[in-house]
Structures are given as C-alpha cells and as structure tokens.
Amino acid sequence: MMTSNEKQVRKRNRAEVRFRSYGVLSLLAAGSVLLFLIYTIVSSGYSAFFRATVLLDVQLNAEHMDVTPPYTQDVLMQGRYTSVVKQALYAQFPEVTDRKHRRALAKMLSPGAELVVRDYLIDHPDRIGSTVSLEVPLSSDFDQLYKDHLPRSGEHIRFTATQLQWYDRLRQEARIHYRFNTQFLFGGDSRYPELAGIGGAVVGSLYALLVCFLLAFPLGIAAATYLEEFARESRLTRIIEANINNLAAVPSVIFGLLGLAIFLNVFGLPRSTPLVGGMVLSLMTLPTIIIATRASIRAVSPGIRQAALGMGASPIQVVFHHVLPVAMPGTLTGTIIGLAQALGETAPLLMIGMVAFIADIPATPLDASAALPVQIFLWAESAERGFVEKTSAAIMVIMAFLILMNLLAVIIRSKTQSKVE
Amino acid sequence: MTFLQLLLVFIALSVSAGVLGWRRANDPVFLQGRRPRSRAVYHGSYMALWCALPMLIVALGWLSVEPWFIRPAVLQVLGSVAGQPVEHAAFQYLEIRNIAAGILSDANASEVIRLAVERYRSLSQSASVVFSGLFLLAGILGFYRGYQKIAVDFPARERVEKFVRFFLLASSMVAILATLGIVLALVVEALRFFKHVPLLDFLLGLQWSPQVAIRADQVGSSGAFGAIPLFAGTLLIALIAMLVAVPIGLFSAIYLAEYARPSVRTIAKPMLEILAGIPTVVYGFFAALTVAPLIVRASATVGLQASSESALAAGLVMGVMIIPFISSLSDDVINSVPTSLRFGSLAMGATRSETIKKVILPAALPGIMGAILLAVSRAIGETMIVVMAAGLASNLTANPLESVTTVTAQIVTILVGDQEFDSPKTLAAFALGLTLFCVTLVLNFIALKIVRHYEERYD
Amino acid sequence: MDTVMTTERIQSDDALVRYLPDKPKLVTLPSGADVKMTAEGVNVFYGEKQALDDISIDIHSKQITALIGPSGCGKTTFLRCLNRMNDVVDGCRITGRITMDGEDIYAPKVDVVSLRGQVGMVFQKPNPFPKSIFENVAYGPKIHGYAHGNDELEEVVVRSLNKAGLFEEVKDRLQEPATGLSGGQQQRLCIARAIAINPAVLLMDEPCSALDPIATARIEDLMWELKENFTIIIVTHSMQQASRVSQRTGFFHMGVLAETGTTEQIFQNPVDARTRDYITGRFG
C-alpha cells in the first residue's frame, strides 16, 4: 500500500519528466521547423541552377540577321537574330506551316534565344553563312515543364495538346538538354524567369556592404576607442552610450525613412544606388561594431598599457600601438557579424529605392542597382511560376554568403582563443 | 571640375604635404644638428592635416549649396509663373535635375520647366566654378601654412594627437547625430502630415484607405487615415508570434541551461544561431510559399475559410524568427542566477523542475520579462514577413485566419515606388514611422529599466 | 671613504643567512654623493584616504636605493610618484615636491612623456608587449626618436639586450614573440626594454617577486652592474634582497617614511623602534 508520501513523490517525479520533455519538445520543434525550411528552399531552388535548352541547327544567313560586313562587335550587336532562331525551330517541324501554329511553336523558345546566336557570332564572326548547332533556352513554361513544376494536364495547364506533342518529340529526338545555368549566377535581372540572374543584385549588395564597411568600421572603432579610453563619466558620455544602445534597437524601416528623408531628399544623393544603401546600412551596423570593439578593448590586459605608459608613450600612442592591435581580432569578428546582418536587410533598401527593375550589372556604387535580399523579395512577389525556383535559389546563394561570413568570424575567434592559451 | 578630379587633387595635395613635411623634419640642414621635439612622421601628418582639412570644409560647404541656395532659387522660377501649385515641387525639382543631367529629355517639358532648367544649369555652373576655385585655394594655402609651421621645437605630436582625440570624440557623436536625424526626419514630416489630417483622426480613426487625388478634379479621392486597423493588425500578429516564441524559446533556454548534456548543446546552440541569422525576407517567402497554403488547407478540413494571406501564417513564422531571440536572452538571465540558490533548493530534496519553477524562474523573472518586452518590440518593428505573408488590405478584426496589415507593411507599401513627396499619403508613412519609433523606444526603455532595477538585487 | 665588508653584516643575523653571494661585495660609499632625485614633504591621497604622509628622501645618483616595509604601506605608491604613473589613477592627489636634477617634476610645463623617457620602470609582473623580442626593445627608441633606420635600431637593441644579460640566450630568435620566453627571461627583457632609452633613473617595483630564486639571483647581479650607469630605486618586501643589492635604504611604515640611511646602518644600527622591530622579524 503506497503511503501518501510515496504517492506524492511519484507525482512529483512525473511532473519532472513532463517538464523536462517540454524542453526537449521545444528544441525539437525549433529544429524541425528549421529543417523543414531548409528542405523547402533547397528542394524548390536547386533546379534554378539548371535550365532546359533545345538543340537547333541555325542557318546563319546574314541577310536574315540584318548584318552586313565588316562583322565587328558593334555591327553584330545591332543585328536581329530572332527570325533565324525561329526558322531553325520550324525546320524541326516541317509539317507545321500556318501562322497560328507557327506562333505556338515559337512560343516554346525563350525571348533570350536570339542572344545565344548573337553571342556566338561575336566570338565566331567567321561562321556567318554556315549552319551551326546551338543550344538555346526554352521559354519559362517549358523549362518548368521539364523540371516537373508545371502540370501536363488539369484545369490550369499552360500548354496546348499540340505543344505538348512537339515537346515530347523534341525530347525523343534527344534535342532537349539540361545545362548548368551560368546566366543565373552572373547575369542581370530579366522579365523572363529563364533569363533572370542574380549577378546585378549580388554586385549591388557587395557595393553596398563595401560602402557600409568603409563608413562604419573606422567610425565604430574610433567611437569605441573614445568611450573606453578617453571618456570620463559625464552627462555627455551617458547620452552617447544611451544613443548607441537605442540605435541598436530601432526597427529597420525607420532607418529607411531616415535614408529617404535626409539622404535622398535633403542631400540629394542619387536614388537606388549602393552608395545610399551602404550609408543607411552603416548606421545600422555602427552599434554592433562599437559594442564588439568596446568588449575587445576591455579585454586587453592592463599590464601592457602600464608598460607602454611607463616607457613614455603618450595615451594615444598606447592606444594605437598596443591596445587596438590586440583588440583587432575581436573587433573584426564583431564587424563581420554586423556585415552579415546588414547583408540580409531588405526594408531600408526598399525604401531608398534599390528596388527598381535593373537589368544591368552596376559598374560603380553610384549606379542604380538592386540588392540580393530585395531581388528575393521582388521575385517572390512575382506571379510567374518560373520565379519560384529563382527565389529559392537566390535564397540559397544569400545563405551561402552568410554561412561563409559567420564561419570566417568563428575562425578568427577561435584563432585568438588558441593564441591566448 | 568633376568629383573624381577633385578627389584626385585632394589625395595628391594631402599626400605630398605629408611627404614633404616628413622629409623636411628629417633634413639635417634644417635641423642643424638638434634633435626635433617630435618625430618626423608627426610633422608630416601635421602638414597633411593642414592641407586636407580646409579642403574638406570647402567640400562640405559645397554640398550644402545645392539644397539651401540652388533649390529655392529654381523653385522660385516655377512659382513665379501663375497657376503652378508648389505642392508638387519635389517631383518637379527631380524632373528638372534629371533634365539638366541629361537623363531625361526635355522634349515634353513645358516652357516653365525649361526656364527652370536653364536657371538650374547656370547656378550649378557658377557654383561649380566658385567652389572648385575655393577648394584649390584652401588646399594650397593650407599646404603653405603647414610648411611654415615646421620647426625643431614645434610640438607636432601634441597637435596631431589633439586632432586625433577630437576625431575620436566626433565619431562617437555620430550616434547622437543619427538619432537626431531620425527624430528630425520623422517629426518634421509627421507634423506636415498632421496639417492635413488631425492627430486624433489618425490615432483613433477606424478606417485606413490612403488614397489621394492625383489631380484636383478627381472624384472619390478622399482618403481615410485612421490607423486603428493597423495597430490592431500589428498587435494581432505580434500576439500570435509571442504565443509561439515565448513557450518554445523559454523552454529551450531552460532545457539548455539546466538539463542538456554538452553534446546536445553543441548542436542546439548553432541551430538556434542559424535560426537567428536567417534574413527576414527568407522567412517571409517561406511563410507565403509553404505556411500560408498549409493553413488554408488545414482550416478547410475543419470547415473554416482562411485567407491566402492570413495573419496566422505571418504570426507563426514571425514567432519562429523570434524564438532564438528569447532563447538567448533568457539563457543569459537564467545562467546569471547564482548557483547557490540552485544548490540550496536541490539540497532540500526538490526536483530539478521544482527548483526551476519555484526558485530559478522567479529569480530570473525580471530579466525574462525584459527579454519578452524586447521581443515584442522586435515583433512590432518587423517588416518583410508581414509584407510578404500578411497582405496589405487594412482590416479590423481579431480573426487570425483573415488578412490584416500592419504599421510597418503600410510604411513600405506607401513609399515604394514613385512618391509625391508632399501628398498626405506619403507623409502618412512618416506619421506611422514616428508612432512606431515612439512605441519601440518606450518598450525598450521599460525593458531596460526592469532588468536594471532587479539586477541590483543579486549583486 | 668608508668601505664595508658585507660578509660581516650577514653574520650578524641568522635570519639573513639564506642566500650567500659568491663573493663578498665591496660597498663604496662616496661621501658627498650626487643627489639625483629628491622628495620633500610628499603626501598622496586616493580620494579621501591618505596613502602617504610627509615623505622626504634623497635618492643618490648611480646608487641602488631600496624601499622596504610591510605590504600596503605605500612603497609602490611612492615609487609611482617618481615617474608620475599615479597621474593615470582617477582621484589620486599629490602634494609636496619631487625634483629631479633640481627641477620639480610636477611643474605644469613638464612634459610627462619625456619625463618617463628619463625615469624608466620595471613592473612586478613581467609585461612584455605581444610583439617580437626585437620589437619590444626597439619600441622605446622608436617613439622617442633615438634611433633612425633599421641599422641604428638593431645596434640599440643588441646593446640593451647585452646589458640586460639576455642577448646570448635570444640572439637567434629576435623575431619570435616575447611571450614565448620564461618568466625570468621576460623580466630581463623588460629591463632591456627600459634601459634601451637610456633613462637616468630606473624604478623597479618588486621585480623579482614573481620569479624563482635562480632567476632572482641573475637579476640581482644585473642590478649590480646596471648601477654603474643608472640610478636605481627598488621596492622590495625581501629584506635579504635589500641588504644584498642596495647602498641606501628607506623603511616605510603605514604610509610614513620611518627611517632612511645607508643600508649598513639601517640593518645594523636601526635608530627607529619600528625599523628595529621590522628588521628582526617581529612583524611584517
């Protein structure tokens, strides 16, 4: 017979097990959501790194391409290549003769198909007049069809039965290939999903991060140095510290408003440029760098400071010759982490205009451009099916950058730990 | 002179000043066998500073010429012609600048605009000439002055160090400047908004449909700027997010701090850090792509109809985003409770969970409350998840399956795209921004106060 | 001139016979020796608390002066007044007069930085910079502008390392980090670093307290050689050390300078009762 005391103990132990399991369940819940998210992104995104192409025998007829000798690059850039590409496709289906069906047939090709011909000719101008086999990209719908992202039947199919027949025939003839899509990595944005690339957005983001670093790194170290080494306990110092802590907690949209109202409107800086984007990001990164640098400076052993002072170094010399070099690894770690956060910021960049559709890759930080997270946002909002995989793939790219940056920070941190020991 | 040319002149003059100063301070003829009071590098730096700083001051002056002088003069040209409403000034000024820069063609421009462009061009031209001249002059004079100052017993090191100290102080003031800039930008524009829409209508109005007439004669152009639906939407989503994040985050922190083996910690901590590092735009996409359809399907099976952009979808994903935030803050707080308390309780025969529930959590409670408040502040200020998953239609409801919009989503929607800078619609965004800023400020302040007040107890 | 054989002194007290030098050392006390630094009526306050009360002492040139006394009685505080290291301590206030070569070192126009170039310091715990051995010793000459160019610097570094008796041990690894040296080597490096700028006065704050007896002995020998060229003031809580190396001694007791005089006199014929009690081990 259990005494009430034993019953009590049993009950308490059961409560203990329950409580502990809540903890485990919570971690498992968080972990499984993370895994689910990774799975969703990767599974929907990896196909964007490839695209379906069709192999066509293109007759490079100079007249049809609207080019005359000499075949310099300028001349070739002015040429028109759509018709020769279409002709090459029609040649695969000689039984298709009327305009309506031919239009349907041409719809299988991407509008960017002609650019493949152009680029080939720029590299091989001597081939004009001959017939070459070129792989040209399929239109987004067929690209998605190849990847099984669009249904072949059902209420919302985007293909006519005849188009499907043509497509199947091309596959049987082994004319449809699946190639690595370098245009996605290096090309600029496009209205057509099969041609869209993140190159412009990546360069825009890199420029913005560069500007952010050039502004926030020196200012952050200088401010931290002042606060740790030279500032006395005073009203001004307290105000400065309160402001820094405050800035760290302000929502990112507000920084966007600041950028819009002051950088764009008052200072008249150019809109949509990585320059202004970087300036806004630097204000957001500044508190992170300041806090990390202060912590590193505090960790420098006072013995070194005393030794330097005793040798007749001035306080500024002590700081710059001895304290900052030792504090640098911690500072760099904090900076890298701050920059990683800045890379993922979207809202402020939206508001200073880095959201326009820009097809070119920016050459300088003063050219209008998009940024990687903004590009993700734009593609995510698009209605076209083909952009879903692009969005996921762009997310994979940005996550890759973030992982690299965080790894770098971890390496720096562990290197200094081992040195200390 | 172009920006690039000026930059080159700046660098060339400053660097040569530095080198010249350095060489002179090292020159034995100049030194006459005496040891200089400061090392040559400081003399060189001093001279370079004397050269560079005047040039920078001139450059800054030049930057302020455009907004303070040129713009009003050009706008005056516009205003002097009868019938031109200066409301659209900002837009037209942009057009004028673009035409002057050759980005836009002046084919469609009216006569007035052409005049304004002319004015702009001539003013810019003369400003350019004047300031380029001043810039060069400043550089050369500074160069000369710095050169003269170099002497054997000149305390160059002290002077340079004084400047360095000033620069350090100025850098820390940037934080103050930034806050001032934010407050100024928000307050000025919000005040302009409240001239169009009274404050109480804004704060207490129940309808939010920010349309504004593009042309004066447009019918149906009245907009309503009542922000209550936005506040409600923000709170609804934040509430859902906290319902997810607080239990999971707190229990994760407790488990990791009190129960977990080191091997579990080495996996769990990085996992939480990864969750924290995922950009919010990714969460937003995930919410729109996967979570929202799931909710639609799930609610259909129980006979409810959920919008494809439900508050629930946004709230759930936002909750996941906040989990690591609460978890790491709580972890710090729990770990800082003295172990003596733990041992005391365990020694009395309490189970671990009882120790946690009755001793540790009460001791850590203020810190955890602070963490929760900070998390709420974060949830309120979050933008991308809501924009992408929760929709933009204003809706006053408590039903999480419906679509709502938040303060932040509206700010973004209003300002993305071509804005008429003086219309109430655009200014409304600033009023919303000001509200958001104030609320998060107060929340952060309270959170800090709570934490600090109770921290003293355990020192 | 009085010449004293120190062996006599050691025999007079058993407690001191713990470590005998290899050879008796001749202590020459020139009468009318130069006075390099003086303190007159110096008081030091940390906030409200008074740490030193009315200290007056003469430091003789090219001699080793030892400051002894129980822990916490102000020896280090006084030492740090001599190179104005107390300036960096918040709330520290100093009254009275401290002179070097007749000039008040606390006068408003005195440049602290060059003062510290003339009054060097070696600390209790060796604190080499986290740089190479060479960089450590070269730092002082570099910032004070005593050497221009790598050749001159190298010369100065080698000379200082030699004077500190460290060169032979490190000549093959000058570019390696100083933190890789042993405790005793690090302290000798700190001494080399301090003497590299040729200070007139060298302050040593319990330089051997963190070292083993062998390292301690080496540094004491080093001090003996250094006194040919430098005025040395050493704070020590080891009476044996004070009697071994110094020519003059000051005894601090609770913030007051109880007695000063030649080392022989302090240890053999202390005048003040407190001194006598301390020397014979009754306290401290």
Side-chain angles (χ1 to χ4, degrees), chain A residues 12-13 15-16 19-20 22-24 26-27 29-31 33-34 37 40-41 219 222-223 225-227 230 239-240 243-244 246-247 249-254 257-258 260-262 265-268 283 286-287 314 316 340 344 346-347 350-351 355 373 376-377 380-381 388 391 395 398 402 406, chain B residues 63 66-67 157 161 164-165 167-169 171-176 178-179 181-182 185-186 189 247-248 251-252 254-255 259 268 271-272 274-275 277 279-282 285-286 288-290 320 323 351-354 377 381 383-384 388 408 411-412 415-416 421 429-430 433 436-437 440-441 444:
Chain A
R12 287 166 66 201
N13 280 331
E16 166 76 13
F19 191 80
R20 201 190 146 107
Y22 292 154
V24 177
S26 302
L27 279 177
V33 172
L34 177 63
L37 187 142
T40 314
I41 300 290
L219 284 177
T225 307
Y226 174 75
L227 288 171
F230 298 109
I239 295 181
I240 293 178
N243 267 295
I244 293 174
N246 195 29
L247 275 183
V250 169
S252 54
V253 255
I254 309 260
L257 287 173
L258 170 68
L260 182 61
I262 297 199
N265 274 23
V266 172
F267 288 161
L283 285 178
L286 202 58
S314 69
I316 299 249
T346 322
L350 281 180
M351 294 172 58
V355 68
I376 293 174
F377 170 67
E381 298 287 287
V388 173
T391 314
I395 291 178
I398 205 177
L402 290 175
N406 277 296
Chain B
L63 273 179
E66 154 107 35
R157 181 181 58 80
E161 288 189 350
V164 170
R165 228 185 271 243
F167 174 71
L168 293 182
L169 174 60
S171 303
S172 26
M173 307 270 278
V174 168
I176 300 185
T179 310
I182 290 177
L186 291 178
E189 306 292 349
I248 298 185
F251 272 109
S252 300
I254 292 175
Y255 184 75
Y259 288 105
M271 173 197 72
L272 287 171
I274 293 178
L275 272 179
T280 53
V281 66
V282 175
F285 180 61
F286 176 62
L289 180 73
T290 315
V320 172
I323 288 175
T351 65
R352 286 199 98 127
S353 60
E354 286 163 355
S377 169
T383 318
M384 295 318 292
M388 294 168 82
T408 49
I411 294 179
V412 168
L415 290 178
V416 169
F421 214 74
F430 284 90
L436 181 66
F437 183 69
T440 49
L441 198 68
N444 291 330

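Excluded from the calculations below are hydrogen atoms, water molecules and symmetry mates; all remaining heavy atoms, backbone and side chain alike, are included. Every chain is numbered from 1 and lettered A, B, ... according to where its sequence line falls, protein lines coming before strand lines.
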Under 4.5 Å, counting heavy-atom pairs only, tell me which of [options] racks up the most with chain A.
| options | answer |
| --- | --- |
| B:Thr408, B:Val412, B:Thr351 | B:Thr351 |
| B:Ile323, B:Leu275, B:Ile254, B:Thr280 | B:Leu275 |
| B:Asn444, B:Ile176, B:Thr440 | B:Ile176 |
| B:Leu186, B:Leu272, B:Val281 | B:Val281 |

Checking [X] against chain A: side chain, backbone, both or neither under 4.5 Å from a heavy atom?
| X | value |
| --- | --- |
| B:Met271 | both |
| B:Phe437 | both |
| B:Val320 | side chain |
| B:Leu169 | both |
| B:Ala288 | neither |
| B:Thr290 | side chain |
| B:Arg157 | side chain |

[Y] and [X], any side-chain heavy atoms less than 4.5 Å apart:
| X | Y | result |
| --- | --- | --- |
| A:Pro373 | A:Ile398 | yes |
| A:Ile244 | A:Leu227 | yes |
| A:Val24 | B:Tyr259 | no |
| A:Ile41 | B:Leu289 | no |

Among [options], single out the residue with the greatest number of heavy-atom pairs under 4.5 Å to chain B.
| options | value |
| --- | --- |
| A:Ser26, A:Ala30, A:Pro251, A:Ala249 | A:Ser26 |
| A:Asn406, A:Thr225, A:Thr40, A:Ile239 | A:Thr40 |
| A:Thr346, A:Leu258, A:Ile316 | A:Ile316 |

Closest non-hydrogen atom pair between [X] and [Y], with its separation:
| X | Y | answer |
| --- | --- | --- |
| A:Leu260 | A:Met351 | CD1-O, 3.7 Å |
| A:Ile262 | B:Ala185 | CG1-CB, 4.1 Å |
| B:Ala429 | B:Ile411 | O-CG1, 3.8 Å |
| B:Gly433 | A:Ile254 | O-CD1, 3.3 Å |
| A:Ile240 | B:Ser172 | CG2-O, 3.4 Å |

A:Phe377: which residues meet the ring pair (Phe, Tyr, Trp, His ring centres under 6.0 Å) condition with it, sequence neighbours left out? none
Say you draw a straight line from OG of B:Ser252 to OH of A:Tyr22; how long is it, rounded to the nearest 0.5 Å? 14.5 Å
Name the region of [X], side chain, backbone, both or neither, that has any atom closer than 4.5 Å to a heavy atom of chain B.
| X | result |
| --- | --- |
| A:Leu27 | both |
| A:Leu257 | both |
| A:Glu381 | side chain |
| A:Leu402 | side chain |
| A:Phe230 | side chain |
| A:Ala29 | side chain |
| A:Leu286 | side chain |

Taking the inter-plane angle between the rings of A:Phe19 and B:Phe251 on a 0 to 90° scale, is it parallel (under 30°), tilted (30 to 60°) or perpendicular (over 60°)? perpendicular
Under the salt bridge (charged side-chain N to carboxylate O under 4.0 Å, His left out) rule, collect the residues that match up with A:Arg12, sequence neighbours excluded. B:Glu354
